[in-house]
Amino acid sequence: MEASIMDGNTKRCGAVSGLTTVVNPVSLTRLVMEKTPHIYLAFDAAEAFARAHGVETVDSSHFITPENIARLKQAKEFNRVQLDYTVPTPKVPDICGDSQIGTVGCVAVDGAGNLASATSTGGYVNKMVGRIGDTPVIGAGTYANHLCAISATGKGEEIIRGTVARDVAALMEYKGLSLTKAAAYVVNQSVPRGSCGLVAVSANGEVTMPFNTTGMFRACATEDGYSEIAIWPNN
């Protein structure tokens, strides 16, 4: 598992990769941000840091389920990597992977305009040992500054190549675009179709959740009681 967190007001951030026992990886990223002089810890060192700071851990077998085993067998049978909760459907052609993206991301803004973002994922099934995706890469899967907070999901390699999260902020900062226009440009122009989606919020409370995939699980809530939950494109 891997995760990251970023405070837009200070640009402080934390990231972890290669976790196998930590129950809530984002809780560890915050400790990395607050308790170390570094940003990124990975694999055995990240696990040791978690244990030293009392982060909840379990035996790695906790994360092994019959469904996950079925997905791994499916991926190996077709010699491919696939998204972390693609439904096991043996004997089918390769899946484009554009409708079920398993990353969990969150962005938030408070009443004073302070922004934050966090992202967590299990990555691909049947990925190479040592592979790191976009989720813990600050500026790719996660970014926040004084203008906006972004959390991306999709095909990690494409999101890293497109520096997706940072590009949204950069278009706002350097081109003066609104959050909605900046995010739409990045999702529709900077990465291949079927590879990416994101959730984002600005300092003034503007929310946008664009994607270039078939669907994206997403939701929004405000303190005055408004809420929105969706999967498919809004028509």
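Excluded from the calculations below are hydrogen atoms, water molecules and symmetry mates; all remaining heavy atoms, backbone and side chain alike, are included. Nothing here was measured: the structure is a model prediction, and the numbers come from that model. Along the sequence shown, the residues carry numbers beginning at 1.
- The CG atom of L28 sits 6.5 Å away from the CZ atom of F49 when rounded to the nearest 0.5 Å.
- Under a 3.5 Å cut-off, the side chain of N68 and the backbone N or O of F63 do form a donor-acceptor pair.
- Under a 3.5 Å cut-off, the side chain of S178 and the backbone N or O of K181 do form a donor-acceptor pair.
- Looking at D7, its side chain does come within 3.5 Å of a backbone N or O of N9 through a donor-acceptor pair.
- Between the side chains of T142 and S4, at least one donor-acceptor pair of N or O atoms lies under 3.5 Å.
- Under the 4.5 Å side-chain heavy-atom criterion for ILVMFWY residues, no single connected hydrophobic cluster contains both I159 and I138.
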Could you go through residues 183-194 and list every donor-acceptor pair under 3.5 Å that involves a side-chain atom there, pairing it with any protein atom two or more places apart or in another chain?
unit_1: N188; atom_1: ND2; unit_2: A184; atom_2: O; d: 3.0

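- Between the side chain of N145 and the main chain of C148, a donor-acceptor pair closer than 3.5 Å is present.
- Between the side chain of N212 and the backbone N or O of S195, at least one donor-acceptor pair lies under 3.5 Å.
- In summary, the side chains of S120 and E2 do not present any donor paired with an acceptor at a separation below 3.5 Å, with no hydrogens or angles considered.
- Here the straight-line distance linking atom CE of M6 with atom OG1 of T29 works out to 12.5 Å at 0.5 Å rounding.
- With rounding to the nearest 0.5 angstrom, the CG atom of L198 is 11.0 Å from the CG atom of D167.
- Considering H62, E47, R51 in turn, E47 is the only one that fulfils the side chain to side chain donor-acceptor pair (under 3.5 Å) rule with T21.
- To the nearest 0.5 angstrom, C13 atom SG is 4.0 Å from I39 atom CD1.
- From I132, atom CD1 reaches atom CG of D134 across 11.5 Å, with rounding to the nearest 0.5 Å.
- In this structure, CE on M1 lies 10.5 Å from OG1 on T121, to the nearest 0.5 angstrom.
- Using a cut-off of 4.0 Å between Lys/Arg side-chain N and Asp/Glu carboxylate O, R161 and E157 are scored as not salt-bridged.
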>> Test side chain to side chain contact (heavy atoms under 4.5 Å, CB included) on Q82 and N126; report intermediate values, then the result.
In response: CA-CA 7 Å; Q82 65 187 39; N126 202 33; over 6 Å; no

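- Proximity of a side-chain donor or acceptor of E206 to a complementary backbone N or O of T180 within less than 3.5 Å is detected.
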>> Set out, in order, the CA-CA distance, both residues' side-chain angles and the distance that settles side chain to side chain contact (heavy atoms under 4.5 Å, CB included) for K11 and H146, then state yes or no.
In response: CA-CA 9 Å; K11 290 189 180 178; H146 66 289; 5.5 Å; no

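- Distance alone, capped at 3.5 Å, is enough to place a donor-acceptor pair between the D110 side chain and the N114 backbone.
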> Would Y40 and S17 count as a side chain to side chain contact (heavy atoms under 4.5 Å, CB included) if you check the C-alpha gap in whole Å, the side-chain angles of each, and the deciding distance to 0.1 Å?
Replying inline: CA-CA 8 Å; Y40 204 148; S17 283; 2.5 Å; yes

>> One pair to check against side chain to side chain contact (heavy atoms under 4.5 Å, CB included): S117 and I150. What are the steps and the verdict?
In response: CA-CA 6 Å; S117 62; I150 302 100; 6.0 Å; no

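- A donor-acceptor pair under 3.5 Å links the side-chain atoms of R218 to the main chain of W232, judged by distance alone.
- For R12 (side chain) and M33 (main-chain N/O), a donor-acceptor pair under 3.5 Å exists by modelled atom type.
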